[in-house]
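First up is the structure itself, then whatever we jot down about it.
In what follows, chains carry the letters A, B, and so on, assigned in the order in which the sequence lines appear, proteins first and then strands, with residues in each chain numbered from 1.
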2 protein chains.
Amino acid sequence: MKQIKAVTISIGDELLSGKTIDSNNAYISQQLNLISIAVTKKLIIGDEKQDIVDALNWGFQEADVITLTGGLGPTHDDITKDVLCEYFKVDLKTYPDILEKLRERFSRRGLKFSDSNISQAEYPENAVLMHNSAGSAQGMHFKHMGKNLFVMPGVPGEMQVITREHVIPILVNMSGSRVEMIDIHSIGMPESTLYEYTKPILDEYVGAKVAYLPKQGMVTIRVSFHSAFENENHERIEEIYSRFQALLPKHIFGRDDENLSSVVGDLLLEKKATVTTAESCTGGLIASLITDTSGSSDYFNTGFVTYANETKSSVLGVSATTLLDHGAVSEETVSEMLSGALEQSGSDYAVAVSGIAGPTGGSKEKPVGTVFIGVADTNRQYIRRFQFGKMRILNKEMSALGALNLLRLFIREQL
Amino acid sequence: MKQIKAVTISIGDELLSGKTIDSNNAYISQQLNLISIAVTKKLIIGDEKQDIVDALNWGFQEADVITLTGGLGPTHDDITKDVLCEYFKVDLKTYPDILEKLRERFSRRGLKFSDSNISQAEYPENAVLMHNSAGSAQGMHFKHMGKNLFVMPGVPGEMQVITREHVIPILVNMSGSRVEMIDIHSIGMPESTLYEYTKPILDEYVGAKVAYLPKQGMVTIRVSFHSAFENENHERIEEIYSRFQALLPKHIFGRDDENLSSVVGDLLLEKKATVTTAESCTGGLIASLITDTSGSSDYFNTGFVTYANETKSSVLGVSATTLLDHGAVSEETVSEMLSGALEQSGSDYAVAVSGIAGPTGGSKEKPVGTVFIGVADTNRQYIRRFQFGKMRILNKEMSALGALNLLRLFIREQL
C-alpha cells in the first residue's frame with residue numbers, strides 16, 4: 001500500500017502574532033499517525049487571500065491529504081470560504097436546513113439573527129459538508145487533482161470532533177488500512193518510568209505501534225496495530241491491557257474514552273454507593289470532575305468546599321484544637337474533614353483534600369505544593385501526603401485527579 | 001519605514017508527529033511583534049536534509065528575517081548545521097574556547113566527553129555566533145542575500161534567552177517602531193453580533209488592526225496599532241476600551257490578563273466582601289473557578305454543592321414543598337438556595353445555579369440546557385433563566401461563567 005502523505009495548513013492572524021499557540025496541527029498529526037498517514041510539513045499563515053491561495057497550491061503539490069483549519073467564522077477576518085470559491089471557481093450554495101437550525105438557536109437564546117450569520121449556512125457548491133456537532137461552522141471535504149482537502153473551523157473542540165467523526169473514517173476507507181488501537185490511561189508515573197516498565201511487554205507484540213502521550217501527571221499509552229481484517233488484533237490488544245493492569249494496578253486506571261471521573265462513577269454504581277467531597281485547596285474541582293460524568297446524580301449528592309478554617313469547623317466540625325495544633329494543611333485536619341463530610345452527607349464514601357496551592361503561602365515544613373489527600377468509608381480512612389509543584393492551577397488539577405485515583409483504589413480495596 | 005517581514009521555520013520530527021506542540025514559533029512571533037516585525041508565515045518540517053534546504057530557499061524568498069529553530073543537539077537526528085554548511089558552501093569551524101568550556105563542564109559533572117560532543121563546538125564558518133547562556137548549543141546569525149537568518153536550538157528556554165539577548169537587539173536596529181495592543185474580553189454575545197456592535201467604533205480609529213477570538217461563550221477582541229514611538233496610541237486604546245465598556249457593560253468584563261474569576265475577585269476585595277456558592281448542575285465548577293485566582297481565600301470561605309434534592313433541603317434548607325411544586329430546576333428553588341447559602345456561610349454575596357446539564361433529563365417545558373442562575377446579597381436577589389445547548393461539559397462551563405458574570409454585574413449594581 002502506497003504511503004499517504006499529508007500536510008496541515010493553519011490559518012489565523014492570532015497564530016502569526018503568537019498570542020495563540022496552534023495546537024490543532026499537533027492534534028491532527030496524532031490522529032493521522034494512528035492510521036499510518038505521515039504529516040510531512042505544516043504551514044501556518046494569516047487571514048490573507050493570497051497566502052491562502054499559495055498555501056493551497058503548495059499543499060496540493062506537497063501531499064495527498066491536506067487539512068486546512070481556521071478562518072470559518074462569520075466575521076470579516078474569516079475569509080477562507082470566499083477564497084475556496086475563487087480557488088475552485090465555484091459559487092457559494094446556501095443550505096436551507098442549516099439556516100433554519102441557526103435561526104432556531106438564535107431565537108432560543110433570544111438573540112438577533114443578522115446577515116453575517118447567514119454565511120454560516122453558505123458553503124462552496126463543490127464541498128461535501130462534514131457535520132460539526134460542536135458548533136455552527138460545518139467542515140468541508142473537497143476532492144481536487146485526485147487529492148483530498150479537509151477544511152475545518154479553528155476552534156479546537158470543533159476541529160477535533162470533525163476530525164474524529166468524519167476525516168479519519170473517510171481516510172481509513174481510502175487507505176484501506178484498518179487500524180485497531182487502544183488508549184491506556186495512567187496516572188502518577190513519569191513517562192520515562194512508565195516506558196521502562198511497559199517496553200518489555202510491548203516488545204513481545206510484533207507490529208505494535210506505541211506512542212506515549214503525557215498530560216499533567218497522566219500519561220496515555222497509545223498502542224495500535226495495522227490489521228488486514230476486522231478484529232485481527234483484538235485479542236492481543238485485550239491481552240496487553242490486562243497485563244498492564246496487572247503490572248501497574250495503582251497507575252493504570254482506564255482505557256479509550258474512560259477517564260478517572262467515569263471510572264470512579266462506574267465503581268460507585270456497581271457498589272450502589274454514594275460519595276461526598278470535602279475540599280479546601282482544590283476549591284470544588286473534585287466535585288466538578290465527578291459531575292462531569294453524565295448520571296453522576298446517582299452516586300453524588302453533596303459536596304463541601306471549606307476554604308476557610310472557620311467553615312472547616314462550622315460546616316464539617318473540624319475541631320479548633322486540631323486546626324490550631326496541626327494546621328489546616330495536615331493529616332489530622334483531613335481526617336476530621338472526612339468524618340464530618342460523611343456525617344453531614346450520609347454518603348458511603350468521602351474524599352477530602354487540604355493543601356497549599358500557591359504560588360504563596362508555603363513554609364519550610366510545608367512548602368507550596370504540599371497536599372494531604374484522604375479517602376474514607378464509614379469504617380476506615382486512608383490519608384496520604386503529596387508534594388506537587390509551584391503552579392497553582394496545576395496543583396489544583398494534580399490534587400483533584402490524585403484524589404479521584406485514591407478513591408478508585410480505596411473502593412477497589414487496593415489501599 | 002519599510003515593513004520588515006519575517007517567517008519562522010521549526011525543525012523536528014517530534015513536531016510533525018504531534019507529540020510536541022511547537023510553542024517556539026509563538027514566542028518568536030510575540031517578541032518580533034513587539035518591535036513591529038510581522039511574522040507572515042510559519043513552517044514546521046522534520047529532520048530531513050532536503051526539507052531543510054527547501055525551507056531555507058522558501059524563507060529567503062518570503063521574508064527579510066528568517067528564524068530557524070531545532071536540530072542543533074548532539075544526537076544523530078540533528079543535522080541542521082551540516083545542512084547549513086552545504087547550503088552556504090562553507091566548512092565547519094571549531095571554536096577552541098567553546099570546546100574547552102564543554103570539556104570543563106563534562107569533567108565537573110564527572111561525565112565522559114565523547115566525540116559527538118565535539119560537534120557542540122563546531123559551527124559553519126560564515127556564522128556569527130550568538131551566545132547561549134542557558135545551554136551548550138550556540139545560536140547562529142547569517143547574512144545572506146541582504147537578509148538575516150537566525151538559527152537557534154529548539155529547547156524553549158535556550159531559544160528564548162538567545163532571542164531576547166541577541167536576536168531582538170540586532171533587529172531593533174533594523175526596525176524603528178513598536179506595537180501597542182489590547183485584548184478586550186466579552187461574554188454572552190456571539191462573535192457576529194459583537195462584530196456589528198463594535199465595528200462602527202473601531203472604524204473611527206485609523207490604523208487599528210482588529211481580530212475576534214471566540215472561546216466557549218466568550219469572545220476576545222484584539223485591537224492593535226503600529227506605533228512610531230512608545231505609547232503613541234496609548235490614549236486611543238484606553239478610549240476604545242472605555243467606549244466598549246460603556247456600549248456593552250453587561251458583556252465587556254475585562255482586558256488583557258484579566259478573567260472573570262480575577263475581575264470578580266478584585267470587586268470583592270474592593271468591597272471587602274465575601275461570596276459563597278450554591279451549585280447544582282455546575283457541580284462545584286463555580287467555586288473552582290473562583291479559587292483559581294490566587295488570594296481568593298480573602299473573599300471565599302465556603303461553597304456548597306447540593307446535587308441531590310434532599311441535600312438542597314438538608315444543607316441549604318430549600319423547602320420540600322418548593323421542590324415538589326416547582327422542581328429543582330426553577331426560580332423558586334434557586335431563590336431558596338441563595339438564602340440558605342447566605343445564612344449557612346454568613347457571606348455577603350451568594351451565587352446559585354440549578355439546571356439540566358444533559359445530555360438526558362430534559363422535558364418539554366425545561367429542555368436540556370435550561371439553567372436558572374441567581375445572585376444575591378442580604379437585601380436583594382436577581383435570578384435569570386438561561387437556555388444553553390445539549391453538550392453537558394459545555395453547559396457546565398457556560399453556566400459557571402454566566403454565574404460569575406451575573407455576580408460581577410450584581411456587585412457593580414448593574415442588575
Next item on the list: Give, as side chain, backbone, both or neither, the part of B/V39 having an atom under 4.5 angstrom from any heavy atom of chain A.
Entry: both

Next item on the list: With the side chain counted from C-beta on, respond yes when B/Y307 and A/I290 share a heavy-atom pair under 4.5 Å apart, and no when they do not.
Entry: no

Notebook entry, point to check: Taking atom types as modelled and ignoring hydrogens, do the side chains of A/N301 and B/T311 form a donor-acceptor contact shorter than 3.5 angstrom?
Noted result: no

Next item on the list: Answer with side chain, backbone, both or neither: which region of B/T293 has an atom nearer than 4.5 Å to a non-hydrogen atom of chain A?
Entry: backbone

Next item on the list: For A/N33 and B/S17, run side-chain hydrogen bond (donor to acceptor under 3.5 Å, both in side chains): C-alpha distance rounded to whole Å, both residues' side-chain angles, the deciding distance at 0.1 Å, then the answer.
Entry: CA-CA 7 Å; A/N33 272 265; B/S17 73; 5.8 Å; no

Next item on the list: Sort B/L15 into side chain, backbone, both or neither according to what part of it lies under 4.5 angstrom from a heavy atom of chain A.
Entry: backbone

Margin query: Using the side chain to side chain contact (heavy atoms under 4.5 Å, CB included) definition, which of the options B/N25, B/T8, B/V7 pairs with A/I44?
Written below: B/N25

Note to self: Shorter than 4.5 Å, heavy atoms on both sides: which option in A/S288, A/A26, A/G284 has the most such pairs with chain B?
What the structure shows: A/S288

Notebook entry, point to check: Around atom CE of B/M181, are there more than 12 heavy atoms of other residues, nucleotides or ligands at under 6.0 Å?
Noted result: yes

Item checked: Reported OG-to-CD distance for the pair B/S345 and A/E310, which is rounded to 0.5 angstrom -> 11.5 Å

Check: So which heavy atom on A/G358 is nearest to which on B/S294, and how close?
Finding: O-OG, 4.2 Å

Item checked: Selection from B/I28, B/D51, B/D22, B/V315 maximising heavy-atom pairs under 4.5 Å formed with chain A -> B/D51

Note to self: Just so I understand: if I count every heavy-atom pair under 4.5 Å between each of B/G46, B/G346, B/S297, B/P214 and chain A, which residue has the most?
What the structure shows: B/S297

Note to self: Working note: B/T277 + A/V305, criterion side-chain contact (heavy atoms from CB on, under 4.5 Å); need CA distance, chi angles, decisive distance, verdict.
What the structure shows: CA-CA 9 Å; B/T277 53; A/V305 184; 5.6 Å; no

Next item on the list: Please round to the nearest 0.5 Å and tell me the distance separating atom CG of A/N117 and atom OG1 of B/T193.
Entry: 6.0 Å

Notebook entry, point to check: Any sub-3.5 Å donor-acceptor pair from B/R392's side-chain atoms to A/T291's backbone N or O?
Noted result: yes

Note to self: Quick check against the 3.5 Å criterion: does B/S29 have a side-chain atom that pairs as donor or acceptor with the backbone of A/L16?
What the structure shows: yes

Next item on the list: Find the one option among B/G18, B/A6, B/P359 whose heavy-atom pairs under 4.5 Å with chain A are most numerous.
Entry: B/G18

Notebook entry, point to check: Where on B/Q387 is there a heavy atom nearer than 4.5 Å to chain A: the side chain, the backbone, both, or neither?
Noted result: both

Note to self: Any heavy-atom pair between the side chains of A/K41 and B/D54 that's under 4.5 Å?
What the structure shows: yes

Notebook entry, point to check: Heavy-atom distance under 4.5 Å to chain A: side chain of B/S296, backbone, both or neither?
Noted result: both

Item checked: Per-residue contact mode, B/N309 against chain A (heavy atom under 4.5 angstrom) -> neither

Note to self: Can you confirm whether B/W58 sits close enough to A/L43 that some side-chain heavy atom of one is under 4.5 Å from a side-chain heavy atom of the other?
What the structure shows: yes

Checklist line | Top contributor to chain B interface from A/G283, A/A308, A/A400 [non-hydrogen pairs under 4.5 Å] | finding: A/G283

Next item on the list: Under 4.5 Å heavy-atom distance to chain B, tell me which part of A/F113 shows up: side chain, backbone, both or neither.
Entry: neither

Notebook entry, point to check: Hey, which of B/Q344, B/M391, B/R222 has the most heavy atom pairs under 4.5 Å with chain A?
Noted result: B/R222

Check: Side chain, backbone, both or neither: which part of B/F386 has a non-hydrogen atom closer than 4.5 Å to chain A?
Finding: neither

Next item on the list: Dump the intermediate steps for side-chain contact (heavy atoms from CB on, under 4.5 Å) on A/K42 and B/K42, then the final yes or no.
Entry: CA-CA 8 Å; A/K42 300 162 175 283; B/K42 300 161 175 284; over 6 Å; no

Check: Which region of A/T40, side chain (C-beta onward) or backbone (N, CA, C, O), has a non-hydrogen atom less than 4.5 Å from a non-hydrogen atom of chain B, or is it both or neither?
Finding: backbone

Next item on the list: Would you mind checking which part of A/A134 comes under 4.5 Å of any heavy atom in chain B, side chain (CB onward), backbone (N, CA, C, O), both or neither?
Entry: both

Next item on the list: Supply the atom-to-atom distance B/S23 OG to A/I21 CD1, rounded to the nearest 0.5 angstrom.
Entry: 5.0 Å

Check: Within the distance-only criterion (no hydrogens, no angle test), does the side chain of A/T302 pair as donor or acceptor with the backbone N or O of B/T306 below 3.5 angstrom?
Finding: no

Margin query: Counting heavy-atom pairs closer than 4.5 Å to chain B, which one of A/Q120, A/K312, A/Q30, A/R105 comes out on top?
Written below: A/Q30

Notebook entry, point to check: Step by step, would you call B/K209 with A/D13 a salt bridge (charged side-chain N to carboxylate O under 4.0 Å, His left out)?
Noted result: CA-CA 10 Å; B/K209 197 159 177 301; A/D13 289 339; 3.7 Å; yes

Item checked: More than 12 heavy atoms from other groups under 6.0 Å of CG on B/D203 -> yes

Next item on the list: Let me know if A/S314 has heavy atoms under 4.5 Å from chain B in its side chain, its backbone, both or neither.
Entry: neither

Notebook entry, point to check: Can you list every pair that meets salt bridge (charged side-chain N to carboxylate O under 4.0 Å, His left out) and has a residue in residues 275-294 of chain B, with sequence neighbours left out?
Noted result: A/K396-B/D292

Note to self: At a heavy-atom distance under 4.5 Å, which candidate from B/A55, B/A357, B/P190, B/P367 has the highest pair count against chain A?
What the structure shows: B/P190

Note to self: Which atoms of A/I393 are under 4.5 Å from chain B, going by heavy atoms: the side chain, the backbone, both sets, or neither?
What the structure shows: side chain

